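Below is one structure; the comments refer to it alone.
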Amino acid sequence: MSITPYRVLVGPEGYLPPAAASRGILLPEKGEALIEGAIVPEEEAMQAIATKLLSAKNPFFFPGPQLLWDWKEGVALKAQAVKKLADLAGARVIPMPDYRPKYPMINPAVEINPNHPNLTIWHNKIDVCVFIGVHCHYANMALKIIRGGTSCYTIALCGEAGHEDAMISLCCMGMPELARLTEIIQSMKGEQAA
Amino acid sequence: MSIKVIKPTAAFASLLPTEYLELVADGPYASPKTINDLGTFKEIIAEHPHCAGCGVALGVRLTVASLPAPADTLIVGTAGCSFFGLAQAALNYSCSAFGNQNAVASGLKRMLKIRYPDTDKDVVVLVGDGGIADIGLDLTLHSWFRREKIATIMVDNEVYGNTGGQESGMTQEGQVLNMAPKGKNFAKIPVFELARVSGCVYGARVTVASPKKIGRVVRKAILLAREVGPTYVQIYTPCPTNFKFPPQQTINIAKKAEEGYYSFQEFISDDAQAYWEKNFASSTM
Amino acid sequence: MIEQRVVAPEYLFNEAEREEQFITGSEAVREAIKRANVDMAISYPITPQSESMHLVGDIYAEGYIKEYFRGENEFAVMSSVAGAAMGGVRVFTATGGPGTLRAFEAFPTWAGARLPVVCAFMTRGINSPLSIQPDTLEMAYMLDTGIIMLHAENSQDLYDMILQAFMIAEKPDVHIPVGVFVDGFFITHTRDRVKIAPPDLKLPPYNPYSAPVPVMDMENPPIRQMRDPFVMKSNFISYAAHASWQQEILAAAERSRRHIAHYLGNLLEAENETAPVMIVASGTAVSQSREAIESARQEGLDVGLVKLKSLRPFPTEELKAMTANAKAVIVPEFNRVGWLAREVRAALEAKVKVVGGPRVFGGMTMPPDLILDEIRRCANE
Amino acid sequence: MSKDFLRISPAFEDVMPAEYRELVASGPYGKGYGISDLGSHKELLEEHPLCAGCGLALSLRLTLSVLPAPEDTVIVGSTGCSALAFPQVALHNIHSLFGNQNAVASGLKRALKLRFPDKHKDVVVVAGDGATADIGLDMVMQSWFRGELITTIMLDNEAYANTGGQESGMSPKGAVLYMAPKGKKFQKVNMPELAREAGCVYVAAVSPANPKRLGKAIKRAILVAREVGPTYVQIFAPCPTNFKFKPQETIKRIKEREKDGTYLMREYISPEAQEYLAAMEGGTKDE
């Protein structure tokens, strides 16, 4: 691989940034996470997420179809928990209801689409965003486009293997991990307030 | 083709293996032969590596012995048992990708029409059931839609023989074969009816138990294809190796089929019938 | 059919008590599929693959597979396989040589649509002229379709790799097709000793909802979903989306490295890798190389061997390490073009002399002496 | 998908764009709407980039509005003008390679049968004339020979329209189009007849000039394909752009062709399908 190891840093990185996996960035194991391409303990990543969100000027959560649609047991509950987390972090929400390219034009104020996520990032001047409940393929598509053309700091909360193309990525996330992250933000907000 | 093309130059005549000399002396080129002349002339296919009792070898031999103008006939084939014997045929035989024979034949026929406007160059497709009914079905039907002037002949052994006995589209429903471990679960593809619907001007269904009928329908199909439109002949050619019957039973099995589901059938369009009566009604064949 | 119980893949591959059988490569495919908990298999005959798919048909009749049918040609079969995979089932098929080329348009769509299909390729010569004999030319074309490519040296590899292929392909972070390539006739039609797990064990079933893309069954979101929408509106945004999509397929193959290592042990195997002359090969060329090396060592020549098991993703770093002290690398192949020599040269970046050959093709066998001559020549330089 | 499947997670109800809330509130899922319900509910296809007066877009809209069970219908489309509308259709739909739609549908139908044995998952192929009669002809017919329980719908605009108006197998004889500079030399391929010969148990040729009849044919084709055998519906969908007539004349063109007998509306029902429909239609309101 190239001499200096590749780092997944906030963009705009360039015309066509590489997929981080193709530059040797490995996905974390359970209990680990990724910060800017480096494997770290999950706890450390959660702290970093809390700091990023609470210091952000205009943070947004992008819930995907797997959370927006109440399609199976437990989804509504999880959606509730994610909404609570977003409110707590002072972040607004723009949904990603589906993945089809929006023709003739998307309304970037109310929707984000993985084929052209940068429109929504630019339109709303989003500096930190959180992906959750988006199928991994489409999340990775969007994360690379955002890193290439915007200066938005991306965070992925993934129930499966995680996302190397996000600046911070958790993996194997279930309700317990969601609760832990909410707790950290809660306490960090408390400290800041005090 | 003028006879010159197959006559060895005097200087080397003595060196050529006898089979080439026989082809000049009593091959079918100078005066076309028919099924009745079998045994009296040097046939276009004199040897082949097919299994004992192979219906396809017999079907191919009878077809090639019925060509109205072997000197100006080109056969287009494809993969499958049929290409073993045809690879030995003493006329131009081409074989490209599996199933594309009618597309190849379309291009070949149109080009020969341009290069030899006043000669009838008969382009004949001679291929197995898998080649036409399965992998080559669309190319075959589209050559018929386009009314290409070629005769398409299927030697139907109702199985993919060359690859070891798998079910083909022309296998009968219920027949147990490789890739049909519980028996084939759909009917024999009605290529004969599809030929009529797709624009063939003449069609005949026959079996190797009736060599004289094969001679007549193959000749008729090729002659009609010269002027009127695409034609189709389907010959039942049983396969002892994959259907596991004794090699000497092939003709009996074909005969039994001819009395049942493989009965002799013909269809002919009005304009083909008119053309036939005007030009060939007098001939006995 | 005997009652089977689901076990963890690691148990089936590494711990289960194995029994040795003397079977052909085609039978090895049957034994693998019998234990792979496959939902559906679709077939079309082409030598030398037909026997494998006959036998898969037979175990369907015995009840080991839920659905099986013969399609009308390879392009149709690979399309039906795609439909089945999008419908959320574990599906298997096989082809080779001209069949691979006739089905070709489907392979890049398999990868692009993230379909975890497993396909065995019994490699065979490409027309014209027609040859049914072994030849790995088709692998040259397959290298850039985006599918993962494993190359079996013998029937044992073929048995193991097919089972492992399902587990690698279905990982959510991978979820692209795996091709298991094996040289036709040399392996498929010759008997060999193969150690196989007990027949009453099978892999865990495929869970379609762990896929990185929605399943086409109107039972999971989003409902307004086209798989896959052509991203083609003529503007920069569409091009960027299409490029990012392709990068994700490359990334999926990169992520498979650790899974391949986990199940196969490594992407390549090496012996005596400190030798000055190294042979790098895949498939039956490895078996021929072993014989040549045997003779070379008797002549006192110091030669090592690298057996490549994964060709996509290519083990570039591992290969560099295994040829670090070599002054010459010999790449014997069963094809005309030398696609493996090209890959090895690219990987080693001209840091070591790569001898592209000996190469035989058209179905010819490769006498070990051809390789031995090359070893002697390189050793004496 | 169960009847109340399409629900929005309450936590995000407020942020969902209007079109999705409408889809949940008044979408067709579970309703079994017909042509006469058009205008009373949110349709599966509301916007598309096809040309003004496009017969195909109209036919596709009508087809989608009469699906007996949209909540359990997966569509397999193909390359061509119809493909431009499919990304907007609120159903799972597959776009694979030009011509392989019926092969894909065969694999999909059998997979869904395995995964949902006691539920009707309707797999409906919707493709153009080029995809069905030319490049996909063998896979279409082989799915019929095999008796695959799928419905094949051809949107017949009698040309390769999406690529700029070339002759297709379904173009009328004599039509001057691209790649037929001297006019098409052979007749319009007789797909309904081929379908009947190939084993289809229900075949209909309809057009959007008579929406009710079109709706009835689609419903029948899909219902019959659930139990009896493969079905085929051919919809005449004239193309103003490539045949150079005014967008508002599309329906008029159809009526002219019906009058001069060059596009016959017809229906073939096998005895078995007849029996099945009699039982089914006895119960449901006849369109």
Side-chain angles (χ1 to χ4, degrees), chain A residues 1 15-27 29 64-72 75 96-106 113-119 133-149 158-165 171-172, chain C residues 111-115 170-176 207-215 217-259 261-262 313 316-317 320:
Chain A
M1 280 305 146
Y15 188 60
L16 179 58
S22 301
R23 297 296 295 273
I25 304 295
L26 297 177
L27 284 173
E29 299 291 341
Q66 292 187 323
L67 262 182
L68 293 170
W69 300 102
D70 184 4
W71 63 292
K72 69 175 181 185
V75 169
M96 183 188 282
D98 56 39
Y99 304 132
R100 59 188 169 74
K102 288 289 172 91
Y103 300 127
M105 207 179 73
I106 190 171
N113 184 285
N115 298 292
H116 30 73
N118 37 6
L119 299 183
V134 178
H135 284 86
C136 297
H137 176 82
Y138 295 98
N140 286 334
M141 255 184 73
L143 290 166
K144 286 196 286 301
I145 294 174
I146 294 173
R147 192 168 84 245
C158 178
E160 294 290 344
H163 303 274
E164 314 92 334
D165 287 307
C171 77
C172 328
Chain C
R114 305 295 296 265
L115 302 179
E170 290 164 10
K171 293 289 176 195
D173 53 322
V174 179
H175 221 268
I176 53 177
N207 166 22
Y209 297 137
S210 67
V213 285
V215 186
D217 59 10
M218 287 297 274
E219 300 285 348
N220 70 111
I223 286 303
R224 198 191 291 256
Q225 172 68 14
M226 179 177 183
R227 284 214 29 216
D228 294 301
F230 33 87
V231 182
M232 63 139 208
K233 269 281 172 254
S234 38
N235 55 38
F236 168 74
I237 288 177
S238 303
Y239 310 151
H242 200 279
S244 182
W245 188 303
Q246 289 193 47
Q247 285 177 318
E248 177 55 15
I249 308 305
L250 287 174
E254 287 307 308
R255 294 183 200 116
S256 70
R257 289 179 187 276
R258 63 185 175 134
H259 300 299
H262 174 65
T316 305
E317 290 314 307
K320 274 185 187 163

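A note on names: the letters A, B, ... follow the listed sequences, proteins ahead of strands, and every chain is numbered from 1. The shown structure was predicted, so the numbers you read here are calculated from the model rather than taken from an experiment.
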For [X] versus [Y], what's the shortest heavy-atom pair and its separation?
{"X": "Pro221(C)", "Y": "Pro65(A)", "result": "CG-O, 3.6 Å"}
{"X": "Trp71(A)", "Y": "Glu219(C)", "result": "CE3-O, 3.7 Å"}
{"X": "Leu27(A)", "Y": "Arg258(C)", "result": "CB-NH2, 3.7 Å"}

Chain C contact via [X] - side chain, backbone, both or neither, heavy atoms under 4.5 Å:
{"X": "Pro97(A)", "answer": "backbone"}
{"X": "Leu119(A)", "answer": "side chain"}
{"X": "Ala161(A)", "answer": "side chain"}

Do [Y] and [X] meet the salt-bridge criterion of a basic N to acidic O distance under 4.0 Å?
{"X": "Lys144(A)", "Y": "Glu248(C)", "answer": "yes"}
{"X": "Lys171(C)", "Y": "Glu160(A)", "answer": "no"}
{"X": "Arg255(C)", "Y": "Glu164(A)", "answer": "yes"}

Atom pair [atom1]/[atom2] of [X] and [Y] - distance to nearest 0.5 Å:
{"X": "Tyr138(A)", "Y": "Arg114(C)", "atom1": "OH", "atom2": "CZ", "result": "9.5 Å"}
{"X": "His135(A)", "Y": "His175(C)", "atom1": "NE2", "atom2": "NE2", "result": "10.0 Å"}
{"X": "Trp245(C)", "Y": "His137(A)", "atom1": "CH2", "atom2": "NE2", "result": "4.0 Å"}

Quiz item: Does Pro17(A) offer a backbone N or O that forms a donor-acceptor pair with the side chain of Gln247(C) under 3.5 Å?
Solution: yes
Exercise. Taking side chain to side chain contact (heavy atoms under 4.5 Å, CB included) as the test, write out the residues that go with Pro208(C), two or more places apart.
Key: Tyr206(C), Val215(C), Arg115(D)
Quiz item: What part of Ser210(C) gets closer than 4.5 Å to chain A, counting heavy atoms only: side chain, backbone, both or neither?
Solution: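 Backbone plus side chain of Ser210(C), per the 4.5 Å heavy-atom cut-off to chain A.
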